[in-house]
Every structure is written in C-alpha cells, then in structure tokens.
Protein chains: 2
Amino acid sequence: MATLRDVAELANVSVTTASRVLNGADESHPVSSRVRASVVSAAATLGYRRSAAGRALKNGHNNLIGVVASDILDPYFAEMIRGIEIAAAECGYVTVLANANRDPYQERTKFQVLREHGASGIVFCGSDIEGSPGTADLAREVNRAVGEGTRVVSLAPRGFVSTQIVVDNEATAYSLTKHMLGLGYRDIVFAGGLPGLTAAELRIQGYQRAMYEFDQLPRVVGRDGMSQKTGREATQQLLRVPNTPDSIICTNDETAIGSLAAIWQAGLRIPDDIAIAGIGGTATGRVFDLTTIELPLAELGRLAVEYIVRKSDAPPTAPACTLREGRTTQAVRDPV
Amino acid sequence: MATLRDVAELANVSVTTASRVLNGADESHPVSSRVRASVVSAAATLGYRRSAAGRALKNGHNNLIGVVASDILDPYFAEMIRGIEIAAAECGYVTVLANANRDPYQERTKFQVLREHGASGIVFCGSDIEGSPGTADLAREVNRAVGEGTRVVSLAPRGFVSTQIVVDNEATAYSLTKHMLGLGYRDIVFAGGLPGLTAAELRIQGYQRAMYEFDQLPRVVGRDGMSQKTGREATQQLLRVPNTPDSIICTNDETAIGSLAAIWQAGLRIPDDIAIAGIGGTATGRVFDLTTIELPLAELGRLAVEYIVRKSDAPPTAPACTLREGRTTQAVRDPV
DNA sequence: TTGTACGCGTTATCAT
DNA sequence: ATGATAACGCGTACAA
C-alpha cells in the first residue's frame, strides 16, 4: 500500500501538504491549485488509500460501528443491520459485524473484540435471556465501555444499562390481540418464544393482558424458539389434536411464516379455517400478505447510527408501530 | 481505554514485558510467574484491551476480513456471510460488512473502504452484471489490491480476475431441469433472473440446454429480479393467462417462495396442480419442503476465510451440490 | 502557502 | 529474565 509519504515524495511536497490535499476539509489551510493537482495525480498513479490504522491511532477514534447480532439469518435482525449499514455508510462509517448465534458468551467476546478495534459505537441487535450465565460479565464490560465514551445502543430490551431504542413489545402484542378479538376471533393461541427472552416474554404478556380483558383463556405453545421451524412445528402440533384454535398470533413474522407452511401443507385454508398474524413487518411477511404489526426495523438501525455519530444528541425514541391488515385474517361473521 | 503503558506502570514493569505477558505466545521470552501475575492483575483492574489500531500499524496487517455483499437481506447471501463470520471468528478474525445493494458503484466504494481498513482479505458475495458501468473501475481496484497482497475471493461468478470459489450454476440448473423432466414434467417454465447477471444467466442456460435435449421449448419469465416478489408476480402473471405450465423452476429459493405464495393464494394445490423447484437450499426452502438444489453456501464462506487466513494454500474448489427432493414436486403418472 | 517534528499504541530488535 | 528504543502511517501544532 502506498503511504502518504510516497505520495508526497512523488509530488515533491511535504507529507503535511499531501495530507491537507487528500483529507483536508480544512479551509484554514489553502493549497495552491498547482500543488493540489500534482498531489492528486500522484495519489492516483500510486493508488493511494489512507490507512485507517494510522488515522485511528492519531485521532483516538475510528469510523467504525460495531454490531452484535443475535442471528444474521433472521430477517428481523438482518433488516436492522441493513438499516445500520446504510446509515453508517452515509456518515462515512463502516459496519463491523459480529454474529453472536444467540450465545451470551459469544456476545461478550465479540463485544470486546469490537472494542479492541476502536468502534465508536456498538449496537446490539437482539434481546437477552434473563439470568443466563455470562450476562453479568457482559454487563460489566458494557458499563466499562460506556464509562470510557463508547456509545452502546440496544435495539431490543436488555438487562444491562445502555441506551435503548426499543419498540414497546408488550403494547404491540396487546394491540394486535385486541385487533384479532375485534375481528371476532376468540380461541386465539400465541405461538413461539423462549423462556426468559425478554422481548418474547413481553409479547406474551401483552397477548395475555388482552385476552384476560376479554375474558378469554390465553394459551401459549411452541415456546422453544423464534424461527420458522418453531412456527411450523407448533402449528403441526396444534392441528394434530382436538381444540384447533380459530387463529394463531405468532411471536414474530418468521414464526408466522412457518405456521402458514404447516397450515397449507395440511390442506387447510387461510384465513377461513384458521387465521394467522405475526409481529415484525418483514419482506417475507409482505409476500404472503401476512397480517402483522409493522415495526420500523431499519429505522431503528438508522436511529442507532445517528445517536452514535452525532455524539451530543439525547437518545432518540423509537418511532411508532403500525398494524398492517393482510389476507391471513378477516372479519369473522359468526363468533362462536 | 487503558493502554499497554498504563498496565506496565501499574505493574511496575516495562511495556515490553507487559506486551510479552499479554500478547506473547512467544516461548523464546519467558517471564517469571511473579511478574506475569502482577501484569495480568494490573490489566484486569484497568480493563485493558489491546488496541487493534496500534497493532495494525506495527504489524502492517489487520485481522479483518471484509465482505462486500449484494444484499444482506437475501438468505442466499446471509448464509454465506454467516459462514464467513463463524470461520473468521474461529481464526481470530473480525468480519467487516459492506452491503452494496446490488450497485456496482457502491461495490467499488466499499471495496476501497475495506482496503483502507487494512482487511487481510475481501470476499464478494454476489455476482455482477456484465458490462454494467463501474465494472471496469472495480476490476482495476481489485487488480491493484491483489497485486499488493490482499486476497480477494468471489463466491459467485465475476468479471474481474480473482480467486473464485463458485458452484457450477449452469450444471445445477441443468441437472435440476433433467430431474424434473425425469419426473414427467414437460411444460417447465423458468422464472426469475436479471439480464446480464452472470450467475442467473448461467442457470437459464443450464435450463435451456436440458429442455432442448428433451425437445421441449424453454420459456423464461420474470427476468426482472431475484426476489420473492419477483417469483410471486411472475407466477401471478402465469396463472392469469392460458397455457399454465405444469411446473416452474425458479432461479433461486427466494423466487420459489414467492411462487409458492402466489399459487397458494390462487387456491391451487402443490404439486398436484403445479410443481415448483428452486435453487439454493436455504432455511425457508426447507420449511416449505421445497424441491431444490442444495448449495453449500455457508461452506463457501468458510472456504473463503480459510483461503485468506492460510495464505499459502492453493484456492479451494467448491464442494458439490446435491438435489433435495421436497414435496413441491412429485412423479407425474401421465405425462401429457 | 508550505514544511518540520512529535506522538498516538504496539511489537521487534538489540542490549543488559 | 527484563528493559530501552525505534518504527509503523497519520494529523496537527508550530515554525518559516
């Protein structure tokens, strides 16, 4: 890699001048257009690229934004990451991705590595599991980082203290359940989740609150995952026994997609035989015309980046969620 | 951030010693266990983390692997990225993600940024569009980088010269089409693609070759995308006019999922009324029991990382693809 | 308008 | 077994 010095030598100027030409948005140090041109041309012929390492060492900070994602394959998080990456690129920042595979230990390790690389801010995409081992360790690390000026943002509820830009999970599930009840559904089952996973638990609570208000008995199944597979298996289970519900609210769109797959494969019709709703608003949900709560996932990512880059601002609040009525639910004429 | 010097001072040793204790896998420089302990304890109390910037500056290289992805939301690429990230983490490397949004200009810009950050290697996830503007620019940049020792790997066919770890797209589509013909399907339509997108064009060619060999007329629709939306819209179009085919081969699993959505929503049965097959082997495909060619996507990512990290090896070759017979196709008793 | 010189955190080399 | 020092590439305060 050609260095600034190489460029300066080829252009017959000092490194200072070369630096000013190539990086200086600095108006206080004008450079003659002749010198400027020769530096630019030298840089071009040498294929000069500034060294992020040297720059970071000098400035004490890096244009890096770290991401600790629970699962990059889940469109829910992928959408957030995409929002982060786009906003970061617009601000001249680079996104460093670390996939934690839903493992608290990996989260801690990767958080540390991101810090070693001098990330200006670190964003957590994904909730945590209450009381899981390693949680305390992670909390300590996060505290230290925040104390040293690193901006830490969580885009899902988290046990450690950090800036949170989080949708109201309880309220989304509550309002979605109310909506389903309003359509006339009564025997509504909630599918998906993980014991202790905060975001999931909050959604279950919202669902339960709405059901109790309506004097209906809540029923939660498939509390062993947040994936399409979870939705599929939980639904197959439901269809195998009596008491098939009239509708299923899924913990997220992924689970709902799995549920759709199971129902279609069983030869039933949606929404006539059984209705499905999800939470998320991901692209696959739209393709299936899924009734869901649209969460501003990419927007959350963008807000996180803005909070990190414009260091003075107060933490932003998450924008509102909106219900999207698809074709996997309908008004029920004859509530049982 | 506490520096090595801080640690050394607290432990009353020189920075050299501190460095040796904290980073030295160096057996040739033993350290007394007493000193070692005091350094370790000092580092712990200060929360010392080594600086990647300083280290990169000194070593001249970074433990970074850059990824230029066409679309992180596409599970096809997300799976590759996941493979990269896991393998990289195992080798002590960090993954830097750049999403190019299928734009050649963004690819070039982000490639350069990745180089600025001293990435040891850069992986391209996604094919390119032949003759698109910016392609030549990118090729020049890549050449320069390779000449300077950066390892560049493409996990899809690419116009520029680089190490390629690529599945045989023509062959996969050919063998899948042969399989469908063998099942008894005759009026097989191919859906999806983008004009000039090399990987997509190769799949179309493989499909056409198989059809011609069987004296069947190939028919390609929806050549305006690679997404679920593409598959859905192309299929809706097909169902709207006469000459409904007996089966659809989709350019990838995503397109196939969209196709499934359209067919189910139209009230038709799969595979009885119409059969669907995809290419990819992604998780969503499995949930829908999609007949597909399983490509070793995560494995490609892993191979790319190994090639980058173990700098001496010859470029690895892509592992084989395997047909997975799902429930979206079946043997046809009565070929028309 | 342009140049000189220093220091950021780390490690390799050489010295003790 | 431990320490002093130089150098990596960059940006900037200061000098000219």
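What you see is a predicted model; the values in this text were computed from it and never measured. Below, chain A is the first sequence line, B the second, and so on; all start at residue 1.
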**Message:** If you take any heavy atom closer than 4.0 Å to DNA chain C, which residues from residues 51-62 of chain A end up in contact?
**Reply:** A/L57, A/K58
**Interface residues of residues 5-18 of chain B with DNA chain C (non-hydrogen, below 4.0 angstrom)** = B/T16
Taking atom types as modelled, is there a side-chain donor on [X] or [Y] under 3.5 Å from an acceptor on the other?
X      : Y      : answer
B/N62  : B/R55  : no
B/S41  : B/S38  : no
A/N101 : A/Q106 : yes
A/S14  : A/T17  : yes
B/T16  : B/S19  : no

**Prompt:** Does a nitrogen or oxygen in the side chain of B/S19 sit under 4.0 Å from OP1 or OP2 of C/dT11?
**Reply:** yes
**Asked** Quick one: is A/N23 getting a side-chain N or O under 4.0 Å of the D/dG11 phosphate, OP1 or OP2?
**Response** yes
**Request:** Would you indicate what A/L4 reaches in the nucleic acid, counting non-hydrogen atoms under 4.0 angstrom: base, sugar-phosphate, or nothing?
**Result:** sugar-phosphate
**Request:** Could you tell me whether A/E107 and A/R102 make a salt bridge, using a distance below 4.0 angstrom between a side-chain N and a carboxylate O?
**Result:** no
**Request:** Please report, rounded to the nearest Å, how far the P atom of D/dG9 is from the CG atom of A/L22.
**Result:** 16 Å
**Item:** Euclidean distance, atom CG of residue A/L46 to atom C1' of D/dG9 [Å, nearest integer]
**Value:** 15 Å
**Message:** Between D/dG3 and B/R20, counting only base atoms on the nucleotide and side-chain atoms on the residue, is there a donor-acceptor pair under 3.5 Å?
**Reply:** yes
**Message:** Taking the side chain as everything from C-beta on, heavy atoms only, tell me whether B/M226 gets closer than 4.5 Å to B/L197.
**Reply:** yes
**Request:** Would you list the pairs meeting ring pair (Phe, Tyr, Trp, His ring centres under 6.0 Å) in which at least one residue belongs to residues 124-148 of chain A, sequence neighbours left out?
**Result:** A/F111-A/F124, A/F124-A/F160
